[in-house]
Amino acid sequence: MPGRIPIGRYGRMTRNCNRLRAGILAILLIQPIAPMVLVGSAGALAESDLGLLSIEDLLDLEVTSVSKRPQKLSEAPAAVTVVTGEDIRRSGVTSIPEALRMVPGLHVAQIDGSKWAITARGFNSQFANKLLVLIDGRSVYTPLFSGVFWDVQDVMLEDIDRIEVVRGPGGTLWGANAVNGVINIITKPAAETQGALVSVGSGSIERYFSQARYGGRLGENAHFRVYAKYFDRGDLASDAGVAANDNWSVRRGGFRMDWDAGTGDSVTFQGDYYGGDTNEILVSGDPGEQKISGGNLRTRWDHEFSDGSTAHLQLYYDRTQRKVSSILLANRDTVDLELQHRFSPLADHNVVLGAGYRMTADDLSSAGVKFSPESRTDHLVSGFLQDEIGLIEDWLSVTVGSKFEYNEYSGFEFQPSGRVLLTPHDHHSFWAAISRAVRTPSRADNDVTFIAPSTTSPGDFDIFNGNRSLEADNLLAYELGYRGQLLDSLSLDLAAYYHDYSDLRSAEVTVCSPPFSTPPFTCLVFGNEFDAAAWGVEAESTWVATPSWQITGGYTYMRVDIDSRSSTDPTGFELEGDTPRHQFHLRSRMNLPYRLELDTTLYFVSALKSQPVRSYTRFDLRLGWRPTDHLELSLVGQNLFEKSHEEFATGFFSQRTRIPRSVYGMITFRR
Amino acid sequence: MMTVTRWTRLGILILAGTLLGPGVAGSESTHDEYDVKVAFIYNFAMLTRWPDSSFSDPTAPLTLAILGPRDFAANAEGFFAGRRVGRHPVEVFRISDPSEVSRYHVLFVSAAERNRNQKILEHARGARVLTIGETEGFASRGGSINFYRDGKKIRFEVNREAVRAAGLQLSSRLLRLARLVSSHEDYGD
């Protein structure tokens, strides 16, 4: 299954039984050993009048939505949301972080032009460290701080097939760092992006952007595409209301080739390269700049055995380079090898077995943020085993498994999980899960030293020190969920969770040598002194009001309660308040006559109690027109309700920034 | 594997229906998508001409292979029991190995096979098989007919080159109702 690492791993729940009748039939019929004539003895049960209808009549029939049926994803016993390429196009967003706003359970907050704080289920910050992000199977979170540099995570948005977001622990399959969630960004196979596409646009913040892609064939069985894109985004507004000097531009290009070798083998080869410049204003008030560049190459070989079992082997190389003013210079090279085998050793058992090796080497030299040692090479070895057991066909299945890994920061870790899926009716399924996940310490947690203005006593400075004996953060998560098709036109997805964290990273007061031993300096060393509980509810519902009008609503309730134990770290309260209690969004997608599209989105995010960030309501509107099959024009307005609003007040060395109202227009040509 | 008796199943279903309230369990005002698709496939088969050599004799069975979920195959089997396409009775097979697809007259590839479409179509290439899919891009990649949704209704597209390459003829009535696509068109942006 090329390009499909992700939730498919949760299983191939063949939730059949689209009706009682079919279900009974399935039981009466013998297990299908292919090929096999399905004997007609049960045929009478399935007598239907549809056979009397002409093809013209059939075209007029309304059918039950089974849009979720082909997505085995939707049958995964986990809190999963899928954002499709079409969702992205219709929302008018221009970046991956912005596309994630429509996912319940996530908190997406823009810090300044090129920085975002994104997390699932709490603990948000620019360096949110409990979320794993993959682009086409390539991990893009950085072991530097176990978080994600969102400014360099981009692809040609038109090439995105879907973004799969799993909230809650995914450690059993994906390993450490998949503590609160996993985001899989999956691009289309080259065969689905054939032909030419060119689009250009311009607007108030999106000063200029353009992109081009061409896809073609290489002989009978191989397809390729190449693309290039560029954007230049202008300044947001500073807290004082003037331009924030946080404009940035990134250029990017890449390719993908898919070769179906026949005989069950297929090979994918892809790569990207990017480079960009980012401006910002440092807390000191001085202008700062970041230079970012990187590239990657990935190859994946999929094999299907004659018995239907599958295996894949994936190898990628990834390089990132970042220069943050004079504060930090960070280069990193990563090589990752992954092997996975999926098979059925017994009837009703679906086993996935995997092994992985990752080597990551960095070079961190700078004046401001110091690392000791400056270069470090780390190795990670992991394996996992998962078995999905169909206990009662179509009704009850259980998935158990665990990841085992050895890393050089916290040693051996295991991350087991158990999941149950109950499908009492084709339209209703319930799931429950208990899982353990860990966040292994990052390079910064181990080896960093830096001075930062104190967040708790203004005018003072905190000196942070890494700790080589830091342990992993632990999570034990309890989750419940429901997924249902309430009416033909109405679906509902609910998830509730209670997360029990222990040994979370804290910053403990310690003694430093002079001159840093006295005020205004406070010396801190990372420890594992926080425990925490987090709980919440995530809901999403889609109503297909008419064939040309679809409405999706989402609601998220999140709470975090930190238990500081005997910690000397006073920032526990801040962690609680970095999470908005309520989030709500409503998306409307309407097809109008004359090939017009009218799409609106309303987002509400409640206040961040530990930051001077008030609740805000964001309203986006997109008007699209496709005069021909080859041409698309769109006009997008974002944040239309407010002149500007703030989303997250604390960035790393950067100033508070407000997100202003903006508009842009875009023209796309496809052939 | 524990197999639940049908009465237990029925009981639990009724219970679930009671708990979830009316309008949930038995929404019969519209039709199940797969039931309707089976009826479409029946119509497609009636509106398609295979070369005489495809059948060993004029009353030989027309074979329909299904790559996909068991419930679909079960529906199809129930539907086709006792029905004929012309003088041919219909035999339904559920298969899992793509290399066998060329042996059948009609092949339905469910959306669950979306990742194997390319491979499946390659195995069908050159064979006298009417390939029917339900995945975006199926027809443009060389499938004959592909279902798509227009709101709550089912529509289909036809790739005439693919039909011709398979040595089949579709009735103009079918073509009139179809959205026509050609091979390798760029989809889904």
Side-chain angles (χ1 to χ4, degrees), chain A residues 1-2 4 14 16-20 22-27 29 32 34-38 40 42-43 45-46 48 50-51 53 55-56 58-59 61-64 66 70 85 158 191-195 197 215 260 262 308 347-348 390-393 395 424-425 428 486-488 544 547-548 670, chain B residues 1-4 6 9-10 12-13 16 20 23-25 27 30-36 39-40 42-43 47 69-71 73-75 77-79 81-83 91-97 100 110-112 114-115 118-119 122 137 141 150-155 174 177 184 186-189:
Chain A
M1 295 196 288
R4 205 184 148 78
T14 34
N16 302 328
C17 177
N18 67 331
R19 281 187 180 187
L20 175 63
I24 292 172
L25 255 175
I27 285 181
L29 295 166
M36 184 195 74
V37 185
L38 298 164
L45 274 173
S48 161
L50 290 173
L53 298 183
I55 193 159
E56 288 85 356
L58 290 170
L59 285 167
L61 285 187
E62 293 198 343
V63 298
T64 316
V66 288
E158 279 73 8
E192 291 179 24
T193 54
Q194 296 285 289
L197 183 149
D260 189 336
D348 307 312
L391 287 181
I392 306 175
E393 191 186 16
W395 280 78
H425 182 275
H428 304 280
L486 300 183
L487 300 168
D488 296 337
V544 183
S548 51
R670 297 181 178 84
Chain B
M1 135 108 40
M2 282 160 42
T3 307
V4 190
R6 69 162 100 169
R9 265 177 103 89
L10 192 62
I12 300 174
L13 192 81
L20 294 164
V24 174
S27 48
T30 56
H31 298 270
D32 184 275
E33 177 165 347
Y34 272 179
D35 287 345
V36 176
F40 265 109
Y42 175 50
N43 273 275
L47 297 170
R70 198 179 309 164
D71 56 344
N75 277 13
E77 169 56 26
F79 177 91
R83 286 188 207 280
E91 276 183 13
V92 180
F93 299 82
R94 178 169 178 254
I95 63 171
S96 60
D97 183 353
E100 300 171 357
S110 90
R114 61 188 300 224
N115 293 310
Q118 195 78 21
K119 186 184 304 168
E122 254 149 45
R141 285 194 219 167
D150 178 11
K152 285 185 177 181
K153 294 178 182 172
I154 293 172
R155 298 279 177 271
L174 191 71
L177 298 168
H184 323 308
D186 190 357
Y187 263 89
D189 297 297

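Heavy-atom basis, side chains included; hydrogens, waters and symmetry copies ignored. Each chain gets a letter, A, B and so on, in the order the sequences are listed, and its residues count up from 1.
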Side chain, backbone, both or neither: which part of B:E122 has a heavy atom under 4.5 Å from chain A? side chain
Counting only non-hydrogen atoms closer than 4.5 Å, does B:R155 touch chain A with its backbone (N, CA, C, O), its side chain (CB onward), both, or neither? both
If you compare all heavy atoms of B:L177 against all heavy atoms of A:E56, which two are closest, and at what distance to 0.1 Å? CD1-OE2, 3.6 Å
Region of B:Y42 that comes under 4.5 Å of a non-hydrogen atom in chain A: side chain
